[in-house]
Novice: 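Before anything else, here's the structure in question.
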Amino acid sequence: MRIDVLTLFPEMFEGVFGSSILGKAKERGLVSLHTVNFRDYANNKHNTVDDTPYGGGGGMVLKAEPIFGAVEDVVTRRSGAADAADEGSRPPRVILMCPQGAPFSQRKAQELAAEEHLIFICGHYEGYDERIRRHLVTDELSIGDYVLTGGELPAMVVVDAVVRLLPGVLGNETSAVRDSFSDGLLEYPHYTRPVDFRGMTVPDVLLSGHHAEIDKWRRRQSLLRTLERRPELLEGAELTPKERAWLAEQRELSAKARPSLAEGAEDGEAAGESGR
Ligand code: 4GT
């Protein structure tokens with residue numbers, strides 16, 4: 001996969017694209033990540049990329065020309081490349097990061113991970129000329145209902161979520177499949193050594209060696225945790241009729257009667273994890 005990010009602040013991406021899993025994916029040739037400063041495409045004396053809005057009012061608006069110029073240059077260079085010249089290369093997704101965009105999600109990350117070429121457009125401080133949205137962009141994405149000073153952090157979030165899904169990027173091929181959200185549920189609790197940390201213990205079932213019991217416990221913990229924290233996710237989750245019935249029972253139990261998730265003990269197995 002190739003990813004180009006159009007930004008006025010390419011240096012913001014150096015750490016994120018060079019470190020950890022993304023850095024390794026790049027080194028191993030699983031993804032190529034590029035930043036493009038669209039100020040280089042401002043065809044005016046002072047290299048301005050923004051201007052005052054028609055109709056007046058405050059603020060500045062990112063001009064269409066530098067963004068169109070940068071995207072067209074990236075697309076032309078890409079289609080000239082040897083690997084893209086092979087038949088079957090798909091046109092890029094051109095993604096505008098903005099608060100008005102469609103909510104970004106694991107599902108969207110999976111969809112984007114199937115593409116060959118992504119182009120991100122990151123504005124800063126101000127809005128975009130509407131013609132960018134209407135005639136250049138294929139997707140508008142938001143990472144949540146809050147306003148930031150620029151689209152750079154949101155673009156990093158989306159790039160990270162997409163690249164880790166590419167084949168070969170995560171060492172353990174199953175780890176992306178077992179993530180929170182990939183089955184529509186939150187993850188079950190994890191424990192590692194020691195069994196007793198300052199009196200806070202690991203649920204017995206995890207030490208039992210009974211894999212069927214462990215799977216059952218984990219699944220129920222996932223269901224309970226989702227019910228408590230993000231009940232709206234249950235509507236879209238893939239659940240068996242049995243699981244739906246069990247959840248309905250749990251819903252009936254009052255918050256008091258239901259063993260707390262923090263105790264890790266839906267079957268009453270763990271005694272103390274009260275150290276919080
Ligand atoms: C929030 C988000 C985003 C911004 C988000 C144009 C100038 C937009 C600043 C930019 N804020 N972009 N993508 N929630 N701010 O995704």
Side-chain angles (χ1 to χ4, degrees), residues 1-27 30-42 49-50 60-64 66-75 77-78 90-166 169-170 176 181:
M1 172 179 279
R2 180 188 172 97
I3 298 178
D4 291 278
V5 182
L6 277 51
T7 171
L8 296 172
F9 301 92
E11 66 281 0
M12 284 180 74
F13 291 84
E14 281 167 21
V16 169
F17 283 3
S19 317
S20 185
I21 308 244
L22 291 195
K24 281 227 185 66
K26 221 171 127 174
E27 271 173 32
L30 301 171
V31 63
S32 61
L33 300 165
H34 310 266
T35 50
V36 176
N37 190 333
F38 58 83
R39 196 178 294 286
D40 297 342
Y41 296 83
V49 293
D50 54 6
M60 297 289 276
V61 177
L62 275 180
K63 293 159 70 65
I67 306 278
F68 272 73
V71 169
E72 283 158 3
D73 194 27
V74 161
V75 170
R77 273 190 282 158
R78 164 73 180 153
R90 311 219 292 127
R93 296 276 281 264
V94 181
I95 302 163
L96 186 72
M97 301 309 304
C98 60
Q100 306 96 307
F104 184 60
S105 62
Q106 191 63 27
R107 182 181 294 266
K108 189 69 89 178
Q110 280 158 354
E111 182 190 318
L112 294 177
E115 296 286 340
E116 291 167 15
H117 187 190
L118 306 178
I119 301 174
F120 290 88
I121 302 171
C122 309
H124 223 87
Y125 313 125
E126 52 231 317
Y128 303 97
D129 186 290
E130 186 66 13
R131 288 163 293 190
I132 296 168
R133 285 181 207 284
R134 295 272 295 262
H135 303 290
L136 187 63
V137 154
T138 61
D139 300 80
E140 297 183 35
L141 289 181
S142 164
I143 62 160
D145 291 339
Y146 37 82
V147 179
L148 302 166
T149 56
E152 283 80 8
L153 290 167
M156 289 179 209
V157 167
V158 174
V159 168
D160 188 279
V162 169
V163 170
R164 68 186 285 288
L165 295 177
L166 299 178
V169 169
L170 294 184
F181 302 117

Novice: Does Tyr128 reach the main-chain N or O of Arg133 with its side chain, forming a donor-acceptor pair under 3.5 Å?
Specialist: no

Novice: Taking only Lys NZ, Arg NE, NH1 and NH2, and the carboxylate oxygens of Asp or Glu, determine whether Arg164 and Asp160 approach each other closer than 4.0 Å.
Specialist: no

Novice: Starting at CE of Met1, measure out to CG of Leu30 and round the result to the nearest 0.5 Å.
Specialist: 11.5 Å

Novice: Tell me if the CZ atom of Arg77 is crowded by more than 12 foreign heavy atoms within 6.0 Å.
Specialist: yes

Novice: Where do Leu118 and Val159 land on the side-chain contact (heavy atoms from CB on, under 4.5 Å) test, with the steps shown first?
Specialist: CA-CA 9 Å; Leu118 306 178; Val159 168; over 6 Å; no

Novice: Ignoring hydrogens, what is the shortest heavy-atom contact between Leu62 and Gly123? Give both atom names and the distance.
Specialist: CD1-CA, 3.6 Å

Novice: Cut-off 3.5 Å, no hydrogens considered: what does the side-chain donor-acceptor table look like for residues 12-22, sequence neighbours left out?
Specialist:
unit_1	atom_1	unit_2	atom_2	d
Ser19	OG	Gly15	O	2.5

Novice: Looking at every heavy atom in both Glu126 and Val61, which two are closest together, and how far apart are they?
Specialist: OE1-N, 4.2 Å

Novice: Just so I know, are the side chains of Asp40 and Val36 near enough to count as touching, which here means a heavy-atom distance under 4.5 Å?
Specialist: no

Novice: Shortest non-hydrogen contact from Phe38 to Leu6?
Specialist: CD2-C, 3.8 Å

Novice: Quick one: are Leu141 and Pro154 in side-chain contact, heavy atoms under 4.5 Å?
Specialist: no

Novice: What is the minimum heavy-atom distance between His124 and Gly150, and which atoms define it?
Specialist: ND1-CA, 3.7 Å

Novice: Are the side chains of Leu136 and Arg131 in contact, using a 4.5 Å heavy-atom criterion?
Specialist: no

Novice: For Gln100, does its backbone N or O pair with a side-chain atom of Ser142 as donor and acceptor, under 3.5 Å?
Specialist: no

Novice: So Asp129 and Ile67, do their side chains get closer than 4.5 Å, heavy atoms only?
Specialist: no

Novice: Within this structure, what is the CZ-CD1 distance for the pair Phe104 and Ile95, rounded to the nearest 0.5 Å?
Specialist: 8.5 Å

Novice: Measuring only between side-chain heavy atoms, which start at C-beta, is Asn37 closer than 4.5 Å to Leu8?
Specialist: yes

Novice: Enter the distance from Met97:CE to Asp139:CG here, rounded to the nearest 0.5 Å.
Specialist: 10.0 Å

Novice: For the residue pair Phe68 and His135, establish whether any side-chain heavy-atom pair is separated by less than 4.5 Å.
Specialist: yes

Novice: Between Lys26 and Leu33, what is the shortest heavy-atom contact and its length?
Specialist: CD-CD1, 3.8 Å

Novice: How long is the straight-line distance from NE2 of His117 back to CD1 of Ile3, given to the nearest 0.5 Å?
Specialist: 9.0 Å

Novice: Do Val74 and His34 have side-chain heavy atoms sitting under 4.5 Å apart?
Specialist: no

Novice: Would you check if Leu165 and Gln106 make a side-chain contact, meaning some heavy-atom pair closer than 4.5 Å?
Specialist: yes

Novice: Over all heavy atoms of both residues, which pair between Glu115 and Pro91 is shortest? Give the atoms and the distance, please.
Specialist: OE1-O, 4.3 Å

